Amino acid sequence: MDEMDLMKKLRDVPSPGPEAYDDARAALRTAMAEPVAAVVRPKRWFSWPKAGVAALGAAAVATAVVMGTTGGSVPPPAPPAAAPQAVESPLVKLASEVKAAAVTGDSSLIVRTNLAPDKSQYIWYTVYTDKGQTFHGDSPKTLAQAAAKGSDLSTDYDRRLMGAARLAATGDLEQARNAMVNGAGCCWALGGSPAEQEKSWAEGQEKRAEVFRMKGMEVPPAKPRPTGKELEDGINNTLWSNTTYALFIGAANPDIRAGSLKLLSTIKDVTIDRADFEGRPVMKLAAGPAVSKGEGSHVVTVDAETALPIRSEVVPLQGPQDPHSVANYKSSRVNLADIATGKI
Amino acid sequence: MSSDAELIGRSLRGDTDAFVEVVSRHESAIGGYLARRVGRQTAEDVLGDVWVAAYASRASYDRSYPGARPWLYGVALNRLRQHWRSEPAEDPAPDVARMASGWDPWPAVDTRVDAQASLRTALARLRPEEREVLSLVAWEDLTVAEAGRVLDIPAGTARRLLHQARKSLREAPEVAALLQVPTT
C-alpha cells in the first residue's frame, strides 16, 4: 500500500440520486431554451448612475458606536419588521457619501488574499462586470484566460444579493432587507405568509438532517422555527452573512457599497469601532455572538471614507488574539477588455 | 459513435440534443466528482449549474480534444470554487464561522476523513494545487496530463505537483504511520 492507495480509500461517497441527474438535465434544457434569461441581467444593471465626484470626508463619529435599535427586544413573529435605521448611524452617513462617488470602467476587480492555516497566502481574483458576468482566476493569467474565453460563472445567488443591495441604496429599505435575507433561498421567507415561512423553515431543517445522514450521524429532532429574540438573531445572522458577501463581491460599485452599509445599519447587534489600518482611517464592523449564535465574532474592516472592504476575520470566543481565518480585499474599477488582455 | 468534440460542434450549430448527449455520457463521473468534494446534497444542488455553465462556455472548448470529460471537470471545479466562496447560510452558527474561511475549503473531504484524521492532517498541509492534482488522479482516474487540462496548467507542471503531493504525503509522519498499519 502506498499513499495513492490511501487516497483511493476515500473515494467512495454517496453519489447524487437518479432524480438529481434528471433535474440537472432539465435545468440544462431550460437554459438552452431560454439562453437570454439565463445570462442577462435586468436592464438597470447596465446603467449605473454617473454621479460627480464628491468630496469624501471622514465622518465625525465617536468610536465603539452600538448601532440602532429595533425598538424592542422581541420582533413580531411573522413576518418580522425591518429594523428602522439609526438616524445618526455612521454607516448611513457613509452610505450617502459613497453613493456620490464617480464610476469608471465597466467592471469591478476584487482581489482577495486569504491566509491558509499554515499562514501561506492564497490569492483569488474575480471580475464582476456591469453586465452581470463573473470571471475567476487564481492568478492574473488565469483570470485573463477566463475573461478572454468568456467563462462566465455568475450565479443566481450573486444576482439576488447584488439586486437586494442596489435596492437598499435606491429604494425601499425594508423590501431590500427581505430580499437580502431571502437571497439564500432558505430558511426565513421574509415577507411571505406564515405558511410559506414554516415551509421554508421545514425545508431548511430537512437539508440540515441530510447533512447529519451524510456524515453517518444520528439525526437530531427538527427544531421548530424560532420566535422572539432567537428569531431576530437568526434573521440577523443571515442578513449579516449575505450583506457582507454582497459588499465583498460588489465592493467597487458605489450602489452596492451604499446599500450594504444601509442594510448592516439595521442590525442592532453590529458594533462599529473607529481605528487606523496601515495609516488610513477605517471602520471595524463586528457581528458579535448574538448574530453568530455564540460562535465568536466576524469582523469586517472597511475604509472609513470609501467603504471599500479591506479585511475580514473570524475571531473565536476563546482566542481573540488568533483569528480562525483572515481575508484581505482590494477592490478597483477596471475595463473587462483590459483584464482579458492581461492588463491588471 | 460521435466524439464529444463533434457533439459540441453540433451543439454550436444549434443541435441542443447533441450537448445533452455529451452530458449523458459524463454525468455519473461529474456527479461523483462533485459529491466527493462537497457531499451528495450540495452536488445535487450544483450539478445543473455545471451543465448550464458548460453549455454557456462550450464555444471555448478546444475541439482538438475528442473527449470532453477533463473539460467538464474543469467547469465543475470552477462551479465549486464559486460555491465555496458564496456558500449561503443553511444553519446560522456555522455560516458565520465559515464566513472568511474560504481559502481552500475541503468540507466534504474533511467529513470523509474524520476516521483518518492523520491523513486529513497531511492533506491539509499540501498546497491547494497539489491537492487538486492528487485528487483528480487518485479519485477521478485521470492521467496527469488530463488533470493538467482540468486545471489549465501544463502537463509538466501537473506532473511536478503530483510528485510533490505524493512526496509530501509519504514523508508526513502521520501518513507514514498509516502506511505501516493496515487500514480498514
Side-chain angles (χ1 to χ4, degrees), chain A residues 1-4 6-11 13-17 20-21 23-25 27-28 31-32 38-39 114-118 122 136 142 145 149-153 155 157-158 184-186 204 207-208 210-211 214-215 234 237-238 241 245 287 292-293 295 298 312-314 324-327, chain B residues 16 19-20 23 27-28 31-32 34-36 39-41 43-44 47-53 55-57 59-60 78-79 81-82 86 88-97 99-104 108-109 111-113 119 124-125 128 134-135 138-139 152 166 169-170 175 178-179 183:
Chain A
M1 173 180 290
D2 63 12
E3 67 281 354
M4 295 302 277
L6 278 179
M7 283 292 292
K8 288 181 188 297
K9 284 180 176 293
L10 305 177
R11 179 160 59 180
V13 298
S15 295
Y21 290 113
D23 291 346
R25 270 185 257 117
L28 171 62
M32 290 191 299
V39 296
N114 289 88
L115 285 178
D118 64 358
Y122 186 75
H136 298 290
T142 56
Q145 290 171 338
K149 290 178 180 175
S151 301
D152 177 15
L153 290 177
T155 69
Y157 176 67
D158 290 357
C186 174
K207 286 183 180 177
R208 175 172 170 268
E210 181 62 20
V211 172
M214 280 167 40
K215 291 184 175 182
N237 170 271
T238 305
S241 169
Y245 174 71
S292 55
K293 283 225 156 185
E295 295 290 324
H298 179 208
S312 167
E313 57 190 313
V314 174
H324 268 323
S325 58
V326 175
Chain B
T16 54
F19 196 80
V20 176
V23 165
E27 60 185 1
S28 293
L34 293 171
R36 278 185 279 277
R40 186 179 68 186
Q41 180 69 50
E44 292 180 346
L47 185 58
D49 294 342
V50 172
W51 300 146
V52 172
Y55 180 74
S57 62
S60 66
N78 282 335
R79 182 61 188 83
R81 285 169 170 161
Q82 182 79 359
S86 62
E90 289 185 357
D91 210 356
D95 180 66
V96 166
M99 178 64 62
S101 62
W103 70 276
D104 179 39
V109 174
T111 299
R112 280 178 288 122
V113 300
L119 182 55
R125 283 202 292 262
L134 179 65
S135 66
W139 293 344
D152 204 14
R166 295 189 62 175
L169 275 187
R170 273 197 309 272
V175 175
L178 283 173
L179 291 173
T183 57

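The model shown is predicted, which means the values in this text are computed figures rather than measured ones. A, B, ... follow the sequence lines: proteins, then strands. Residue 1 opens every chain. Computation of the quantities below employed the complete heavy-atom set of this structure, encompassing side-chain atoms and omitting hydrogens, waters and symmetry-equivalent molecules.
Most heavy-atom pairs under 4.5 Å with chain B, from the set A:A27, A:S151, A:S15: that is A:S15. Between chain A and the residues B:S60, B:S57, B:G48, B:A138, the most heavy-atom pairs under 4.5 angstrom are made by B:A138.
By the 4.5 Å heavy-atom criterion applied to side chains, A:M32 and B:V20 are counted as neighbours. For the pair B:N78/A:H136, no side-chain contact is recorded, criterion being any heavy-atom separation below 4.5 Å from C-beta on.
Once rounded to the nearest 0.5 Å, the distance linking CG of B:L134 with CD of A:E3 reads 8.0 Å.
Between A:A20 and B:L47 the shortest heavy-atom distance is O-CD2, 4.3 Å. Closest approach of B:W51 and A:L28 over heavy atoms only: O-CD1, 3.6 Å. The nearest pair of heavy atoms linking B:G32 to A:P16 is N-CD, 4.4 Å. The shortest heavy-atom contact between A:Y21 and B:E27 is CE2-O, 3.1 Å.
Under the rule for a salt bridge (Lys or Arg N to Asp or Glu O under 4.0 Å), B:E44 has no partner lying at least two apart in sequence or in another chain.
Using a 4.5 Å cut-off between heavy atoms, B:D49 makes no contact with chain A at all.
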